Amino acid sequence: MELLNQVTQFVISGLATGSIYALIGLSFAIIFNSTGIINFAQGEFVMLGGVLTIFSLNVLHLPLLAAIVVAVAVTTIIGLLFERLAIRPLKNATPLMLIIITIGASILIRGLVMLLWGKDTQALPAFSGTDPISIAGATLLPQHLWIFGVTVLVIIGCRLFFNHTISGKAMRACSFNRRAANLVGISVGRMVLFSFVISAAVGSLAGVIIAPLTMTAYDVGVMLGLKGFCAAIMGGMGSGLGTVLGGLILGTLESLGAGLISSGYKDAIAFFILLLILFIRPQGLFKKGETERV
Amino acid sequence: MKSDRIKFLVFALVVLLVPLPLSGGYLTNVLIFVGINSVLALGLNLLLGYAGQISLGQAAFFGLGAYGSGVLTTAYGVNPWLAMVAVALCVALFAFAIGFPVLRLKGHYLAMATLGVGVIVNIALNETVELTGGPSGLSGIPNLTIGSLTFDSDLKNYYLVWVFALGMILLSLNLVNSRFGRGLRAIHDSEVAARVMGVNARLMKVQVFTLSAFMSAIMGSLYCHVMTFISPNSFGFHFSVELLTMIVIGGLGSVYGSILGALLLTLLPEMLRTFQDYDIIVYGLLLITMTIYLPGGLVEGIPALLRRLVPARKVTEGSDA
Amino acid sequence: MLSLNGIGKRFGGLTALEGISFNVGKGSITGIIGPNGAGKTTLFNVATGIYPPSSGAVLLEGKDISKLPPEGRARLGLVRTFQNIELFGKMTVLENVMVGLHTQSRSGLFACSFRMPWQMSEERRIRERAMELLDFVCIPDLAGVQAGTLSFGKGRLLEIARAMALEPKILLMDEPAAGLNSSETAELAELIKRIRDLGVTVALVEHDMDLVMDICDQLVVLNLGTMLAEGTPRQIQDNPAVITAYLGEE
Amino acid sequence: MKKLVSTAFASFALLCLSTAALAAPPIKIGALFAVTGPASFLGEPERNTAQMVVDEINKAGGVKGRKLELITYDTGGDATKAVQLANKLVKNDQVVAIIGPSTTGDSMAIIPVVEKAQVPLISCAAGSKITEPVKKWVFKTAQNDGLAVARIYEQLKREKKTKVAILTVSDGFGASGREQLKAQAAHYGIQILSDDTYGPKDTDMTAQLAKIRGSQAQALICWGTNPGPAVIARNAKQLGLSIPVYMSHGVSSKKFIELAGDAAEGIRLPSGKVLVADLLPKNDKQRNSLLAFIKDYQNHFKAEGDHFGGHAWDAVMLLKGAIERGGDTPAGIRNALENTRNFPGIGGVFSYSAKDHAGLTKDAFTLVEVRKKDWVLVK
């Protein structure tokens with residue numbers, strides 16, 4: 001009975017952590033889907049969301065909602081600048097160059113934040129208190145519900161955007177075939193910019209809503225980014241349910257691994273699963289295989 | 001062919017003579033690590049610059065080499081030279097085994113998989129406390145000895161490390177200018193075309209991956225005997241990225257570029273002394289600007305710059321006359 | 001020489017090829033023609049092992065090679081060129097051909113890094129052979145030039161030299177005349193005939209009908225992933241189904 | 001007239017003296033701190049404090065009329081860099097002594113360098129193996145982890161609690177704590193029921209805590225530095241974990257209370273006295289040092305001095321005393337350091353000896369508890 005209780009808690013905690021990964025994974029997938037770029041600086045967008053909110057709240061003394069809006073807006077602008085200054089100037093970029101550039105950008109952003117706001121960890125007050133909520137013998141915090149809620153909203157938003165707006169459809173067209181998209185009059189450059197902007201916004205939003213739980217500092221982005229990327233790969237880099245399921249599975253496995261096997265090897269378990277998926281099903285857990293065209 | 005030989009001989013001569021005016025000072029110590037980093041960067045460059053396969057987990061092989069030698073010599077009293085060879089072979093075998101599934105992946109997926117291998121190895125070094133001493137590190141590793149000669153001073157270690165480094169540099173130079181090197185570069189340019197030409201791309205990628213792991217492991221062993229203390233955070237993701245930065249700055253696909261990059265980045269903290277906390281930003285900026293404006297690295301950039309300057313001067317001289 | 005038996009290829013739900021069967025006779029020049037999207041390049045990709053076939057088998061000299069990877073087929077003498085010239089742009093012209101000689105040499109990782117004597121002599125042999133091949137396609141003067149800087153026409157010649165380096169039994173050429181001007185095309189026709197005279201079987205996908213009619217002994221016509229006709233150039237020219245496919249229904 | 005001459009003479013003599021003092025070359029002290037990287041929470045206050053103390057000493061006329069010059073380098077918490085920089089301090093800068101590094105790993109890495117160069121090192125890291133066994137040239141100011149563990153176990157024994165769960169961070173600090181917790185348990189008759197770890201960057205520890213909740217443990221001891229323990233405090237509150245929670249001295253600063261919020265209430269931890277300086281009795285030996293340090297730090301950095309900064313304060317002040325007594329040669333300083341007795345510092349009252357280069361007893365720690373967002377002494 002006690003074991004059952006524990007496992008319930010492991011699963012619930014895992015789902016809560018997993019939805020964080022899912023949200024970050026979604027922001028990875030948005031850029032990947034329209035550009036084929038894996039943005040290694042994605043974690044820094046998440047970090048910026050949290051750090052900027054705290055800055056607006058504590059230093060500018062804005063109310064919480066305004067602080068969040070400022071944080072997301074500023075991060076979005078940084079995403080835009082990043083694309084303009086670091087991605088756009090590259091002609092005929094190879095994946096290799098893009099990996100190196102985005103790694104460089106992540107180091108740069110982290111360094112700047114460290115210099116501007118110091119190295120201390122900071123906490124954001126929870127949006128709706130910290131009284132635990134009991135579900136089937138396990139407990140959750142109200143902040144977890146915020147995370148679930150925002151994740152669902154972001155998925156719905158992505159769906160609507162990609163399936164029902166001109167820009168969204170254009171971005172999808174770019175992901176299928178850039179040359180063809182260009183031929184039918186879609187400005188591929190603009191779509192790449194768009195995807196960075198949207199992804200920065202989603203990433204920073206994730207950063208904001210998780211900050212009350214995980215706290216934030218200049219270096220939180222690295223691990224969160226990696227985990228988000230794992231989630232996205234498990235879901236086959238789709239910007240929909242696959243990535244969310246990937247995130248939830250990753251979170252749950254991690255939590256079960258920490259609770260039942262070994263807490264020290266928790267991350268190793270997560271990366272081991274990532275490797276297995278890459279080896280066996282590189283197209284993700286939920287997608288059908290496709291042949292690469294030459 | 002001939003000029004390549006002469007270039008290497010000049011380089012080797014410089015390497016062997018450099019410590020003399022330094023008289024065992026602090027710089028000698030830094031240059032030991034330049035030697036180690038040069039070979040690590042070179043290993044990564046063979047993989048990334050020549051064969052076009054990225055690895056963000058190079059530090060793992062370096063760490064396995066260091067810990068393998070460290071543990072075998074301290075806990076089991078194995079002869080350090082024997083340990084070095086045995087460990088390097090084991091690490092190479094490990095790389096060979098994981099190479100087949102890992103190198104089937106391309107681009108971002110390959111980057112992520114190698115990163116994953118790096119993270120897992122680092123966690124393993126941290127968690128196997130009984131063996132490795134865990135996060136607090138492993139101390140009391142003996143210096144290397146040959147007969148009655150103990151490598152316990154900076155000068156001796158300098159020659160120890162650089163003799164190994166020069167050997168590996170020479171072998172790498174031979175390799176890249178041979179049938180094998182041509183195959184690697186062909187894979188880099190167009191894997192499909194290379195395979196249609198009968199190049200066994202899959203095997204060659206794994207072979208060069210194994211070679212770079214072997215080189216890293218040897219350097220890891222040397223590192224542990226030079227330092228006599230090792231801890232897992234020297235072998236993390238951060239260091240893999242530092243190696244990547246070295247070859248991007250020095251020059252992808254250039255043996256000497258790897259060495260130039262290692263030299264600059266190992267001395268960089270020295271040059272950035274006035275910046276203190278800013279060096280992390282300089283790293284980031286260097287990675288971005290070099291990739292955008294000088295994708296060939298400094299080994300290509302400096303001659304190009306000189307070429308641009310020299311005719312310019314001729315023109316001005318001409319106008320003066 | 002090369003037999004395709006009931007080749008089919010699907011991408012997801014899309015059928016690109018279905019039921020393709022024909023033989024390429026030893027020592028012949030066979031042309032594969034068809035309108036855009038007929039599946040010609042896909043057929044080449046299946047034949048050379050870049051795509052696995054969804055159904056059917058590829059036979060080389062009677063031996064089933066369907067399971068072999070591209071490099072394995074190359075070793076057996078099945079070699080191809082690409083529509084968009086796939087040169088190794090960052091290597092010199094000579095080095096490109098030397099890569100083509102990969103299968104003619106054996107030195108591995110160890111021999112190369114330690115410069116074993118036999119590796120050195122092998123290297124010399126490869127270099128000489130590569131120069132001969134450049135002579136064969138009449139571009140020996142470009143040996144030291146970086147391949148990425150070549151004009152399209154010279155690039156095509158280099159690609160052929162590189163393919164010939166593998167000492168192919170059969171050479172598959174994907175639109176060799178694409179992007180060439182008329183004098184270059186004429187030279188190409190001569191070159192292909194010289195290749196055939198060396199005893200190499202040639203199969204080519206081509207749009208340039210004049211070229212095809214001039215050099216081919218046998219033609220295969222594809223349309224919408226299926227085989228429309230097979231025969232000599234004369235027979236094909238008179239085939240009503242082919243005319244319809246090319247010109248559309250009146 | 002006579003008077004005038006003598007005054008002039010006197011002032012001239014004074015002038016000569018002071019110029020002589022100015023002209024004397026400064027005494028060079030090296031410092032290595034992990035100002036950047038994961039251990040920057042240690043390195044930054046340490047560097048700030050060390051520079052501050054040296055400035056204060058120089059303002060007050062230096063040591064025996066000579067100024068101190070502090071040469072600080074950032075190791076980034078990287079052992080390789082630490083070794084290079086230690087070499088630089090010894091060979092290029094020719095310092096007479098080195099303070100720092102901040103982490104046990106960096107300290108262990110540079111010990112061979114200073115032993116060989118015969119330059120005294122006063123480490124600011126906590127790992128007990130730095131000075132056990134005793135190395136001739138190596139001293140330390142940070143309290144051994146073992147002392148903190150002993151303090152907690154003593155309290156548990158007093159409360160007759162014998163079953164504990166431990167949860168430690170998987171870095172150098174946590175590993176060293178874990179080692180001590182396991183080694184000393186038997187001595188205090190304590191049984192460790194569950195032994196878990198978490199990663200320094202983990203954001204959710206409910207899995208480990210749920211497991212602990214299901215065990216028979218009567219107390220939880222958690223060993224880590226911010227932000228992990230704050231996450232654990234919050235997760236423990238979320239899970240309604242009812243057993244008392246003990247943290248390590250790694251989080252003995254206001255920052256922890258700020259991060260953990262309400263969840264910090266009731267948590268206990270061993271701490272250096274700097275945290276509760278104003279609560280100490282008037283006759284406490286360390287009181288004056290503590291109040292001076294806190295005041296100076298507040299003036300310079302508009303922030304609360306913590307015990308990490310205290311390690312550097314102790315190191316510089318111990319060095320100052322040693323130079324005063326033993327002169328400005330490395331060997332003289334080393335000998336004087338070893339003979340330091342009853343020096344009241346921030347971390348405790350230091351008494352080094354030939355057999356003990358750590359210099360502190362478990363009195364260096366007091367047990368404090370969080371009440372109403374502030375610290376109170378546990379009686």
Side-chain angles (χ1 to χ4, degrees), chain B residues 1 4-5 8 42-43 46 49-52 92 96 104 167-212 214-215 251-255 295-296 300, chain C residues 44-45 48-50 69-82 84-92 94-116 119-120 122-124 126-127 130 147-148 159 162-163 165-168 172 174:
Chain B
M1 270 331 217
D4 283 355
R5 274 290 137 102
F8 177 76
L42 179 57
L46 289 178
Y50 286 92
F96 190 73
R104 239 179 39 196
M168 293 201 191
I169 290 165
L170 181 63
L171 294 185
S172 302
L173 281 170
N174 288 344
L175 191 67
V176 298
N177 291 319
S178 70
R179 171 178 181 269
F180 195 88
R182 276 194 303 275
L184 293 183
R185 283 182 289 155
I187 293 170
H188 191 176
D189 262 0
S190 166
E191 184 167 340
V192 172
R195 292 179 66 180
V196 172
M197 290 302 112
V199 175
N200 191 339
R202 197 171 292 170
L203 181 66
M204 283 182 74
K205 286 196 281 186
V206 174
Q207 279 180 318
V208 75
F209 185 63
T210 307
L211 175 70
S212 78
F214 180 83
M215 289 163 71
L252 284 169
S254 158
V255 170
E300 253 179 45
Chain C
F44 263 25
N45 283 338
T48 49
I50 290 168
E71 57 267 31
R73 299 184 194 199
R75 279 167 196 277
L76 292 180
L78 176 70
V79 179
R80 73 171 288 179
T81 65
F82 292 85
N84 300 313
I85 313 185
E86 294 265 352
L87 293 174
F88 306 119
K90 290 180 194 140
M91 301 165 74
T92 65
L94 185 67
E95 281 177 325
N96 264 273
V97 183
M98 288 169 83
V99 172
L101 289 159
H102 201 87
T103 52
Q104 311 294 317
S105 48
R106 284 184 20 254
S107 305
L109 182 63
F110 287 100
C112 288
S113 40
F114 287 98
R115 292 216 170 176
M116 292 303 175
Q119 185 259 336
M120 297 296 283
E122 183 180 87
E123 185 80 8
R124 261 195 308 280
I126 293 179
R127 193 173 289 273
E159 201 187 18
R162 190 181 64 180
L166 280 100
E167 301 194 351
L172 307 187
D174 196 353

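In this text, all values refer to a predicted model and were calculated from it rather than measured experimentally. Within every chain, numbering begins at 1; the chains are lettered A, B, ... in the order of the sequence lines, protein sequences first and strands thereafter.
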Mind listing the closest non-hydrogen atom pair of [X] and [Y] along with its distance?
X      : Y      : answer
C/F82  : B/V196 : CZ-CG2, 3.8 Å
C/C112 : B/L175 : CB-CD1, 3.7 Å
B/A186 : C/M91  : N-SD, 3.8 Å

Which portion of [X] sits near chain B, non-hydrogen atoms under 4.5 angstrom:
X      : result
C/R80  : both
C/I126 : side chain
C/S105 : both
C/L166 : side chain

Fill in the blank from the handout: Only one of C/Q119, C/E122, C/R106, C/Q104 passes side chain to side chain contact (heavy atoms under 4.5 Å, CB included) with B/R179, and that residue is C/E122

Fill in the blank from the handout: Honestly, the part of B/A194 sitting under 4.5 Å from a heavy atom of chain C is both

Quick check for you: among [options], which has the greatest number of heavy-atom pairs under 4.5 Å with chain B?
options              : result
C/V79, C/V99, C/T103 : C/V99
C/S113, C/A74, C/P70 : C/S113
C/R75, C/E159, C/K90 : C/K90

Output the distance between atom [atom1] ([X]) and atom [atom2] ([Y]), rounded to the nearest 0.5 Å.
X      : Y      : atom1 : atom2 : answer
B/R182 : C/E95  : CZ    : CD    : 6.5 Å
B/N200 : C/H102 : CG    : NE2   : 7.5 Å
B/L173 : C/R115 : CG    : CZ    : 8.5 Å

Exercise for the section: Measure the shortest side-chain to side-chain distance between C/E71 and B/M204 over non-hydrogen atoms and say whether it is less than 4.5 angstrom. Expected result: no

Completion exercise
Most heavy-atom pairs under 4.5 Å with chain C, out of B/G183, B/S178, B/G181, belong to B/S178

Problem - Chi angles and distances behind the side chain to side chain contact (heavy atoms under 4.5 Å, CB included) call for B/M197, C/R162 - result: CA-CA 8 Å; B/M197 290 302 112; C/R162 190 181 64 180; 3.5 Å; yes

Handout entry: Donor-acceptor contact present, side-chain B/N174 to main-chain C/F114, <3.5 Å
Key = no

